[in-house]
Amino acid sequence: MDPLLMTPHQQVFAVLISLIVFLLIIELVRRRRVREEYSWLWLLTGAVMILLVVWQQLLLLITRVIGAVSPVTTLLLCSLLFLLAIAIHYSVIISRLTTQLKNLTQEFALLESRLSHPERR
Amino acid sequence: MRPLVVIPAFNEALTIGSVLERVAALDLGLAVAVIDDGSSDATAVIARRAGTRVVRLPFNMGYGVALQTAYKFALREGYDCVVQLDGDGQHEPGDIPALLEVIERGEADLALGSRFIGGNTYWPGAARRLGMHFFGFLAFALTGVRFSDVTSGFQALNRDLLEFFATERYPADYPDADVLVMLKRAGFRIKEVPVRMYRKPGARSLHSGLRPIYYVFKMLLSISMTPLRREVIERRET
C-alpha cells in the first residue's frame, strides 16, 4: 500500500463529514429553508469531497500536481477553496440584493410621495 | 429651465425649518423637495408643514442613496436641473442662484460649490483637511483638474448628469471625490463656484468615529476602479 494513501480511518471520517453536509443541504432544500439556486455550490463541495476520498488515485494525482506532501492536505485545501468560493458567491448575491433593495426602497418612496401629492399629474 | 432644490436630511428637525425658510426667502419661486432619509425625528413633519414636497425613505439608507433618490425624483417630475444642499444648515442657501446660473448658462454639467475659493468661509479640522488635500491631489493626478473642494455636497447638476446618476454607476454609499474623477473621465464639464459654508455647532458629520478609515479605504478603491470600468468610456463615445 502506498504510504501516502489515506488510512481507512481517515477515509471513513472524511466521507462521513461530506455526507452529512450533503444530506443537510438536501434536507434544507426539501424544507424550502434554502433555495435551490443557493444550494448548488454546497452540493458540489460535498460531492467533490466524497469523490476525492473514494477515488484515492485522483487525490494522489492532485497532491503531486500541486506539490502537497500529504493527500489530507490536498483535501483540506480543496475544502478551503470551496468555502472561499461559497463566501465570494454570497458577496456577489448580497451586493445584488443590496442594489435591488436600494432601488426598491427608492421606488417605494417616490411612489408614496406621488400618492400623497395627487395634484401633480 | 425647471430647477428643483433638493435637501437630503437625516434627523435634521432642529435645522430643516430654517433651511427651508431661507430657501423660500430667496423669493425665486424655486420648487423644493426634502428627501427624508428615514429620520426618526420630526424632519418630515416640519418639512411638510412648511409646504415642501417630501420624499420619505422608509429607513435610513445613507446620504448617497438619498441623493440618488432626489435625482430620480427630479427626472420623473420633469425637472431639468437640480441644486442640492444639506439639511443641517451648513450650506448657505443664498448661494443657490450662483450655482444655478452656471447650469442655466450651460457653462458646465456640474456646478461644484467650493468653500475654499472666494475666501468667506470656515476651515475644517486638520484631519479632514489632510483628507481633502490627499483626495484632491489624487483627483488631480487622474483627471488633470485641480478641485479645491472635493468633498462638497453643495452642487447644481443639469439633466444629462441626472440621467447619468440615476443608474448603478452612481456610487450610492459614499459619493465624493470618486464621482468627480468618474465625471471627468466620462467627459462631463465641472465648474467650481465659490459658496459659503458654515460649521454646524456640535456637528455629527459624515466623517466621524471609525468612518474616516472606511471612507479613505472606500474612496481609494472607488477612485482606482474608475479607470478600469468600461461604462464611463462608453458614455463618452455615445
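This is a predicted model, so every value here is computed, not measured. Order of the sequence lines sets the chain letters (A, B, ...), proteins ahead of strands, with each chain counted from 1.
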field: Which portion of A:Thr99 sits near chain B, non-hydrogen atoms under 4.5 angstrom
entry: side chain
query: Checking heavy atoms, do the side chain of B:Ala66, its backbone, both or neither come under 4.5 Å from chain A?
result: neither
query: Are the side chain of B:Gln84 and the backbone N or O of B:Gly153 linked by a donor-acceptor pair below 3.5 Å?
result: yes
task: List in chain and number order the residues that pass side-chain hydrogen bond (donor to acceptor under 3.5 Å, both in side chains) with A:Glu112, two or more places apart in sequence or in another chain; answer none if no residue qualifies.
output: none
message: If I measure from the heavy atoms of chain A, does B:Val55 come under 4.5 Å with its side chain, its backbone, both, or neither?
response: both
message: I'd like to know if B:Glu163 pairs up with B:Lys72 as an ion pair, taking the criterion as any Lys NZ or Arg NE/NH1/NH2 lying under 4.0 Å from an Asp or Glu carboxylate oxygen.
response: no
message: Applying salt bridge (Lys or Arg N to Asp or Glu O under 4.0 Å), can you list everything that pairs with B:Asp80, at least two apart in sequence or on another chain?
response: none
